[in-house]
Amino acid sequence: MRLTNAMMTNTTLMHINRNMRRLDGIIRSIETGQRIQRPSDDPIIASRALMFRTSVHENMQFQRNVDQGIAWMNVTESTFNNINQELLFQMRNLVVQGANGDNNVTNMQTIIRQMNSLFNQLGHEMNQTFGGNYLFSGFRTNEPPMFVADNNRSFVVTQHFGLADIAREQSFQRLIVPGGLGTYQPVSHDISVLKLAYTGLDAVPHVPGFEVRTLSITNADAYIPPANNGATPPVPVMHFIPETGELVMHRDTAANFPREGVSVTYRKTGFRQGDINPSVYFTGREIISTDTSHIPPGSTLIYNVTKYFSRHAADGPATSIGGMAMYSFTLPAAFTPYTGGGASIHDLPEELRASLPPFANIVGNVVHIPQQFFNTNTNVSVTFPTARAAENVVTVEGGVSTHIMEDTRVQGVELVRALNIDGVPIPLDRAELNVSLNMHNQGIEYEFASRTRIQVNSLAKDVLTDKMFADFRRFFEFADSLHISDESELRQHFQRMGYDDAAIDAAVTKQLVDENRMATYALHNQFNNMLFLIDRHSDNSMREQTRLGARMVRMELVQSRLEEDEVAYTQLTSDNEDTDLIRATIMRFSAEAIFMASMRANSGVIQMSLANFLR
């Protein structure tokens, strides 16, 4: 083919331009230190650069998480050290000192006051904060585990007790005895008791499967509960002592306590500084408002009622209903079901869930429960709606009426809605506002790698447990309530009773000796029992500290790995993106030589072409 001057010129300029671009790219990579200037220069390097840079930035964020998590854990570890190595250790030494048989009542009460001061400091430790957040409150970082001031908040809580929570102790009562040689008769009993976290409850606590009877501490039978309520079949009895928050049971009842434990539900309004915060410790709800004054007279209030049934209380033997053997139970008028809702069974045995419907059949005011439900359950709980006219109901527990509370086998009663006289629903939030509480799965976890999380917090309910708080609270209250009668007051009393001087001396001496003997005996028993309890609670707190330490070790290993990963990712990023200056310099000299050679070679071609043109 014929080569024209234009073709030769274009080819020459193209080669020169290509060599110049190559040289320019090498010079730019040297100047910027980057192998490529734009993704189109090398898509593979660009894509790898994005991946490596993402890994570097993720690693940096993970390291920040580690730093914050370790800081959180370090503060928690310091708090644990104060609790375990200082406070509980000193309290145990005081308990050992108080258990010494040479101490009198005054000395032992002085030791208990020292312990009370240390326990108050333990509460301050539980309220430790980090960055303005309470360390031991789970997700509720704005709620202190221990109340910092008196308040009038209201909670309905559920506190669980297992076999290990039954305390076997000595009670102590000072009962007034009219007449005779003695004004007060000190009495002590061996008791099996569950200690609630609070005193001054709004109503009698509900204990599933038990009959709870309220007796004042001044009642001579308060610490002498019967083995059962005398019914056929027998139902175990607990004595609830409101002044102390104790649930006292017979030793036979304690021996047959359910292996799975029981969940006690009660309502408490008003708390003192230093009380544990229910919103951090328990599952339940906080009653924000119980204003029902706006509901028109004649309205119907709809309650959800959870009632326990025992096969022994059935109307008769099981009968076939719909091809299934069922027990029938006739409900009293107070529990007549509301027709606008169904019923459900909560404690359905695991092996029956697939084969039987999880509901009870209610016809009129008769409840039918499948016989199989009682094979593994002593009691079966059924929840159903019941209706009451507003003007006939006195609410005592955020919608719980007095006639419902009379039945000790009922729990979980709550106002769910209201209907006015025309049947128009009134929103529940206008009648009662509840905030649900649930302390399950409250671990705060930080992410330190993809799908790698470590819990950084410990929970107050696992460190200073509700049982530990109740044990110490009862111990201190017991010491405060234990005092010896004043001698001059005793003399005046016996004078009013007509005793002569010799009889007064004998009566006062006997009374003081009896009170000192029983008080010393009771306090020694309290100290000996507290020695066991404080060891148990200390072991629990140390166990939580050990778990924290294990997580801290893992965190430090993660931190070390992230630091190594940072070096590796940075090196990979550098290898992928950074210019190899030695190689680039050699390539620049080569590219310059090629460029200059092409310029010299093509200059001759241009001269010859110009000469031909001039001819």
Side-chain angles (χ1 to χ4, degrees), residues 206-213 226-238 252-253 256-263 265 300-389 392 400-414 416-417:
H206 173 74
V207 186
F210 290 82
E211 178 184 343
V212 181
R213 301 174 182 174
N228 58 67
N229 64 355
T232 304
V235 176
V237 174
M238 286 185 178
D252 292 341
T253 302
N256 294 284
F257 196 76
R259 296 180 61 85
E260 67 278 8
V262 297
S263 294
T265 302
T300 299
L301 302 181
I302 310 300
Y303 299 93
N304 265 350
V305 178
T306 301
K307 182 172 173 62
Y308 281 82
F309 295 89
S310 168
R311 74 173 77 196
H312 304 294
D315 296 342
T319 58
S320 179
I321 300 177
M324 183 179 297
M326 292 193 178
Y327 284 105
S328 299
F329 303 85
T330 301
L331 295 170
F335 300 104
T336 301
Y338 177 64
T339 57
S344 63
I345 294 178
H346 295 284
D347 47 357
L348 186 62
E350 188 72 31
E351 64 272 15
L352 298 180
R353 292 181 182 177
S355 59
L356 294 175
F359 58 83
N361 181 20
I362 297 183
V363 180
N365 66 333
V366 179
V367 179
H368 304 290
I369 303 177
Q371 181 180 7
Q372 289 115 309
F373 287 176
F374 293 97
N375 291 343
T376 57
N377 290 47
T378 303
N379 300 294
V380 173
S381 61
V382 179
T383 298
F384 56 91
T386 184
R388 278 288 168 179
N392 296 328
V400 179
S401 56
T402 53
H403 66 266
I404 291 176
M405 290 297 291
E406 290 172 0
D407 192 318
T408 60
R409 299 179 66 79
V410 174
Q411 72 167 4
V413 185
E414 62 177 336
V416 292
R417 56 183 164 141

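Note: hydrogens, waters and symmetry copies are ignored here, and every other heavy atom, side chains too, is used. Residues take their numbers from the sequence shown, with the count starting at 1.
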Atom pair CD (E211) and CE (M238), whose distance is rounded to the nearest 0.5 Å:
11.5 Å
What are the two closest heavy atoms between A314 and Y327, and how far apart are they?
CB-CD2, 3.7 Å
Heavy-atom closest pair, residues I369 and F329
CD1-CE1, 3.8 Å
With sequence neighbours excluded, residues passing side-chain hydrogen bond (donor to acceptor under 3.5 Å, both in side chains) with N256:
none
For S328 and V366, work out which heavy atoms get closest and say how close.
CB-CG1, 4.1 Å
Taking side-chain hydrogen bond (donor to acceptor under 3.5 Å, both in side chains) as the definition, give me every residue that meets it alongside T253, ordered by chain and number, with sequence neighbours left out.
none
For a quick test of reading the model, state the closest non-hydrogen atom pair linking P208 to S263 and the distance between them.
CD-O, 3.2 Å
Looking only at non-hydrogen atoms, find the nearest pair between Q371 and A318 and report the distance.
OE1-CB, 3.8 Å
Using 0.5 Å steps for rounding, measure from the NE2 atom of H368 to the CD1 atom of I321.
4.0 Å
Contacts of T330 meeting side-chain hydrogen bond (donor to acceptor under 3.5 Å, both in side chains) (sequence neighbours excluded), chain-then-number -> D315
